[in-house]
Protein chains: 4
Amino acid sequence: MKFDPERPIYMQIVDLIKKKIARNEILPMNKLPSQRELAVLMNVNPNTVQRAYKELEDEKIVVTLRGQGTFVSDNPALVKKLKNELANKALDDFFIEMKSLGFSNAEISHLISKFLTEGIDDNAAKS
Amino acid sequence: MKFDPERPIYMQIVDLIKKKIARNEILPMNKLPSQRELAVLMNVNPNTVQRAYKELEDEKIVVTLRGQGTFVSDNPALVKKLKNELANKALDDFFIEMKSLGFSNAEISHLISKFLTEGIDDNAAKS
Amino acid sequence: MKFDPERPIYMQIVDLIKKKIARNEILPMNKLPSQRELAVLMNVNPNTVQRAYKELEDEKIVVTLRGQGTFVSDNPALVKKLKNELANKALDDFFIEMKSLGFSNAEISHLISKFLTEGIDDNAAKS
Amino acid sequence: MKFDPERPIYMQIVDLIKKKIARNEILPMNKLPSQRELAVLMNVNPNTVQRAYKELEDEKIVVTLRGQGTFVSDNPALVKKLKNELANKALDDFFIEMKSLGFSNAEISHLISKFLTEGIDDNAAKS
DNA sequence: GTGGTCTAGACCACA
DNA sequence: GTGGTCTAGACCACA
């Protein structure tokens, strides 16, 4: 696992797990890897994983059962909320990038429409 | 300067300069920093900068005049082309992210509309 | 500093600081000792103090300013809330003890009245 | 058994037995565990238990019959006296705590009344 | 100087 | 086996 040295590793683990839940790659009630397992997988200290899991627990995204493991919350609103958060971030990032390139709202709107109708055959457009 | 160890540094410098040109932060006919200057600024080897400038020259984005320096091409289509390339990439990244979160084209379209009408303040504030 | 080995040290530090705030021994906006200072004073590891301070921050009891220190919140309701929490605990503990000794509500009420009128000259009563 | 290292263990055993008698958990005329038994149970030296029993005997709380064992006194006033001692201590501790939190006699009186009327469930549930 | 993050590793509590 | 707490100590970021 490669981590961005600019941001705390434990926060990157938090974001990674949030993303997996938002993408339905980890379902509600599923068990996350144990702290030790994930620490080995990601090549970090178990304490760092615990910090990430603690943060997820504080945010009510997981529940921890001592001696049993850490599980994705069974809150029906949870996945939806995470999806929305990540969608808003993607939306934000996209608009910031487009604005920085000097595109107006109208132009962005037009490009989106074109993209949606023409599909993903954008290779021609790029070259 | 922090570089991603996964990709060649010279390519990252190329992308960075393309982005600056696309954003009008460096204008056509402007002189780029000398290879030595940029090498010091970015804390890389001058050969790495030279390789980046060579690549930009091969792509007709800059011209190097011996003894004078390296300049952004005065090709009127250049900036536009770079803008489009980066816009397409942003568009692609955005759609890939939204699709991975399970959003349909209709939902994406709706979110964009909402963002354009309601979220202008947010957006303006951030750009 | 002596800690009860049955409870986490960091929680005991949390309770201790809460008690000091409830007793007006530390006033709102006051700076707490630095993590290193308190660690030396209490003869524990700085990480343990940080954990306590983090918990207090999560409970909005203190605010931490990086590079400056940790301060008691300036929330006017805070001290009152802590006082009430500790008063309720004292009340609970007292009633549990009296009930375990077989005293009825009426008897407890009577003892309290007597205590309040006769003052604290309870030494005679004790022997 | 966990003992507070700050006070003599035998005194803590004395207090523990007094509390059990005050709570009717050990009745007058009942036989206490043998010194050896209790020593094993509490993981202390038999001499320590003997010292505790000796203290209880000096206070007329138990009587030891050679070759038969140690028995709670059949003095009708004994249990009552112990109850009162412990009640006074609880009362004292409670008032000291409430005073340290800045509560006046009137406020304490009011809280007790409220607790007795509203908090009966809570209290019952806990005892 | 002050808090924030991380590693390495020990030992405990719950199941 | 799984999470929880703690120590010792390093190094970084902010001011």
Side-chain angles (χ1 to χ4, degrees), chain A residues 1-18 26 29-74, chain B residues 1-3 5 43, chain C residues 1-18 26 29-74, chain D residues 1-3 5 43:
Chain A
M1 205 59 193
K2 292 284 174 25
F3 291 105
D4 175 358
E6 303 287 283
R7 296 171 55 227
I9 293 176
Y10 82 95
M11 282 306 298
Q12 296 182 55
I13 295 176
V14 163
D15 287 346
L16 207 143
I17 292 172
K18 281 181 177 178
I26 312 179
M29 308 203 63
N30 274 189
K31 185 179 173 300
L32 296 182
S34 82
Q35 295 179 1
R36 283 166 184 81
E37 273 179 337
L38 195 56
V40 170
L41 267 173
M42 298 204 155
N43 200 26
V44 298
N45 190 285
N47 284 334
T48 301
V49 176
Q50 189 177 38
R51 207 163 178 176
Y53 280 17
K54 173 74 163 50
E55 175 64 25
L56 288 166
E57 192 163 19
D58 286 352
E59 296 189 30
K60 313 278 193 204
I61 291 167
V62 304
V63 291
T64 293
L65 302 181
R66 191 181 249 225
Q68 296 190 51
T70 299
F71 302 82
V72 177
S73 290
D74 189 24
Chain B
M1 204 57 193
K2 294 281 172 29
F3 292 104
N43 200 28
Chain C
M1 204 59 191
K2 292 283 175 26
F3 292 105
D4 176 358
E6 304 287 285
R7 296 171 56 225
I9 294 175
Y10 82 97
M11 282 306 298
Q12 296 182 57
I13 295 176
V14 164
D15 286 347
L16 208 143
I17 293 172
K18 282 182 177 178
I26 313 179
M29 308 205 63
N30 275 188
K31 184 178 173 300
L32 296 182
S34 81
Q35 295 178 1
R36 282 165 182 81
E37 272 179 340
L38 195 56
V40 170
L41 268 173
M42 298 204 155
N43 200 28
V44 297
N45 190 284
N47 285 333
T48 301
V49 175
Q50 189 179 35
R51 206 163 177 175
Y53 280 16
K54 172 73 162 52
E55 174 65 25
L56 288 166
E57 192 162 18
D58 285 352
E59 296 189 30
K60 315 276 193 201
I61 290 167
V62 304
V63 290
T64 292
L65 302 181
R66 192 182 247 223
Q68 296 191 50
T70 299
F71 302 82
V72 177
S73 290
D74 189 24
Chain D
M1 203 59 191
K2 294 284 174 28
F3 292 104
N43 199 26

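Per chain, numbering begins at 1; letters A, B, ... match sequence-line order. Keep in mind it's a predicted model, so treat the numbers as computed, not measured.
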Whichever of Glu6(A) and Ser34(A) has its nearest DNA chain F nucleotide further upstream toward 5': Ser34(A)
Can you tell me if Tyr10(A) touches the phosphate of dC6(E), counting only side-chain N or O atoms and a distance under 4.0 Å to OP1 or OP2? no
Of the listed dG4(F), dG3(E), dC6(E), the closest approach to the Pro8(A) side chain comes from dC6(E)
Is the NZ atom of Lys60(C) crowded by more than 12 outside heavy atoms at less than 6.0 Å? no
For Asp4(A) and dT5(E), give me the distance from atom CG to atom C1', rounded to whole Å. 14 Å
Taking only N and O in the side chain of Thr70(C), is any of them less than 4.0 Å away from OP1 or OP2 of dG3(E)? yes
Just the rounded figure in Å: distance from P of dC6(E) to CD1 of Ile9(A). 5 Å
5' priority, DNA chain E, between Val44(A) and Leu65(C) [closest heavy atom]: Leu65(C)
Return yes if the base of dG1(F) and the side-chain atoms of Arg36(A) contain a donor-acceptor N/O pair under 3.5 Å, otherwise no. no
Roughly how many Å is it from CD in Glu57(A) to P in dG4(F), rounded to a whole number? 7 Å
Is it the case that over 12 heavy atoms from other parts of the model lie below 6.0 angstrom from the CG atom of Asn43(C)? no
So CD of Glu55(A) and CD of Gln50(A): to nearest 0.5 Å the spacing works out to 13.0 Å
Which of dA8(E), dG3(F), dT7(F) is nearest the side chain of Arg66(A)? It is dG3(F)
Separation between CG (Leu56(C)) and NZ (Lys18(C)), nearest 0.5 Å, reads 7.0 Å
What is the minimum heavy-atom distance between Asp15(A) and Arg7(A), and which atoms define it? OD2-NH2, 2.5 Å
Between CD1 of Ile13(C) and P of dT5(F) the distance, given in whole Å, is 13 Å
Measure the spacing between CZ of Arg36(A) and CG of Asn45(A) and express it to the nearest 0.5 Å. 11.0 Å
In terms of heavy-atom contacts, Tyr10(C) and Ala52(C) come closest through O-CB, 3.5 Å
How far does CD1 of Ile9(A) sit from CG of Asp4(A), to the nearest 0.5 angstrom? 10.0 Å
Please state how far atom CD in Gln35(C) lies from atom P in dC6(F), giving the value in whole angstrom units. 15 Å
Whole angstrom value for the distance that separates C1' of dG1(E) from CG of Leu38(C): 16 Å
Among residues 47-54 of chain A, which residues get a heavy atom nearer than 4.0 Å to DNA chain F? Asn47(A), Gln50(A)
Any stem touching DNA chain E, meaning at least three consecutive Watson-Crick or G-U pairs under 3.5 Å, ordered by first number, would be E:1-14 with F:1-14
Nearest-nucleotide pick for Asn45(A), side chain only, options being dT2(E), dT7(E), dT5(E): dT7(E)
Approximate separation, where rounding is to 0.5 Å, of Thr48(C) OG1 and Met42(C) CE: 11.5 Å
Spacing of CD1 belonging to Ile26(C) relative to CD1 belonging to Ile61(C), to within rounding of 0.5 Å: 11.0 Å
Between CZ of Arg7(A) and P of dA13(F) the distance, given in whole Å, is 15 Å
For Phe3(C) and dT5(F), give me the distance from atom CZ to atom P, rounded to whole Å. 15 Å
